[in-house]
Amino acid sequence: MSEPSSQYLAYWTESPESDPLFWPVYTVNVPVYLLGMLMNGYISYVILRHQITKIRLDRIILFLMLVSFAWSMFQSCRYLVSLYYGPQLFWRCVAACMSSFAICIFLCNLLIAIERFVLVRKDLFPNGGGSFFVGVFVWITVWILAILSLFATSPTYDLISPQNEPQKTIWLLLIASGSLFTLLTMAALYLSCYRYASQKLAESLGIAEAEELQKRLVKRCIVMSLSLTACYVPKLIYQIMQSIWTFGDTGTFWLRVVSDFGVAADVVVAPLLVCWFSSDIRDRLPQFAQKVYGVAPKWKQQGSSSSS
């Protein structure tokens, strides 16, 4: 069994203040996760309170918000607990849960892309594309079970990846290939949606109207594809670099800080995008939140229309 490096021993056995990453990582990430827990929890409440679950896309969005809420709560707690409590079983559970939560977040984003594709290309899916979703759930289940089996047979000293070989290499290959496949599939689905919708718009509308809608459509497709990439790819690059090259204690200091912050930022980015894309949710936000999106509260819209 591989022994932990002196960096990890110092990280987990000494006081938190002796960890060089304590202030830049913990004092930034914990507030972000707490904010994410508040935002995702509130949007989940809005969806359930107003029963915005009539169509499958709404239910997928609710699932994403609940997963992000659980991920935020888990990260907020584990950052604090792991500073003072560190048996190996606890470390393995934390590392396995972190990988599993990340996979579930990728799953939700992939399901949203598939659902949008199915809605746009109804001609190809008269039965609603149920086989697509079954296939994705089977693939994700196998992916998570494979990850859990790796941590069941290897210790972890960084709370991210297994320590022993070949488990560490297999974990990296599973995470890297699965993440890359998900991101590429999402990009391909959104590109296909954009091309098909643009063609239909050009056929049914005038040139000016079609161009305006096409701009809005391509902006949404780009944002949905790049948001997940921007949040998780830096962390993936960091893990690959750590597995290939040996760095000193401060060799990748800022890369780790930035990559950890990117993962944390996703729990805030996700609810912001959900409110941006879903008018049903956005219209039920408090007045100050609606101003962020440049939308007048519903009662003001009704008042102005009646007065006119």
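All of these numbers come straight from a predicted model, not from anything done at the bench.
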Between the side chain of S192 and the main-chain N/O of A188, is any donor-acceptor distance below 3.5 Å? no
With respect to I144, which candidate in S99, S149, C104 satisfies the side chain to side chain contact (heavy atoms under 4.5 Å, CB included) definition? C104
Nearest non-hydrogen partners of I43 and P271, listed with the distance: CD1-CB, 3.3 Å
Does the S259 side chain pair with the main chain of Y238, one donor and one acceptor, at a distance under 3.5 Å? no
Closest non-hydrogen atoms of A176 and L236, given as atom of the first, atom of the second and distance, are CA-CD1, 3.8 Å
Is there a donor-acceptor pair under 3.5 Å between the side chain of D260 and the backbone N or O of N29? no
In terms of hydrophobic clustering (I, L, V, M, F, W, Y; side-chain heavy atoms under 4.5 Å; direct or indirect links), are L48 and L64 co-clustered? yes
Indicate yes or no: at least one non-hydrogen side-chain atom of L35 is less than 4.5 angstrom from one of V267. no
Do Y190 and I112 have side chains that get closer than 4.5 Å, going by heavy atoms? yes
Taking side chain as C-beta onward, heavy atoms only, is S161 less than 4.5 Å from L172? no
Hey, would you say the W139 and F181 ring centroids sit under 6.0 Å apart? yes
Checking S154 side chain against L150 main chain: does a donor-acceptor pair fall under 3.5 Å? no
For a 4.5 angstrom cut-off between non-hydrogen side-chain atoms, does Q75 reach V32? no
Check the angle between the aromatic planes of F101 and F74 and answer parallel, tilted or perpendicular using the 30° and 60° thresholds. tilted
Between the CG atom in N109 and the CG atom in L228, the distance rounded to the nearest 0.5 Å is 4.5 Å
Can the ring centroids of Y232 and F106 be said to lie less than 6.0 angstrom from one another? yes
Residue pair L174 / S177: nearest heavy atoms and the distance that separates them: O-OG, 3.4 Å
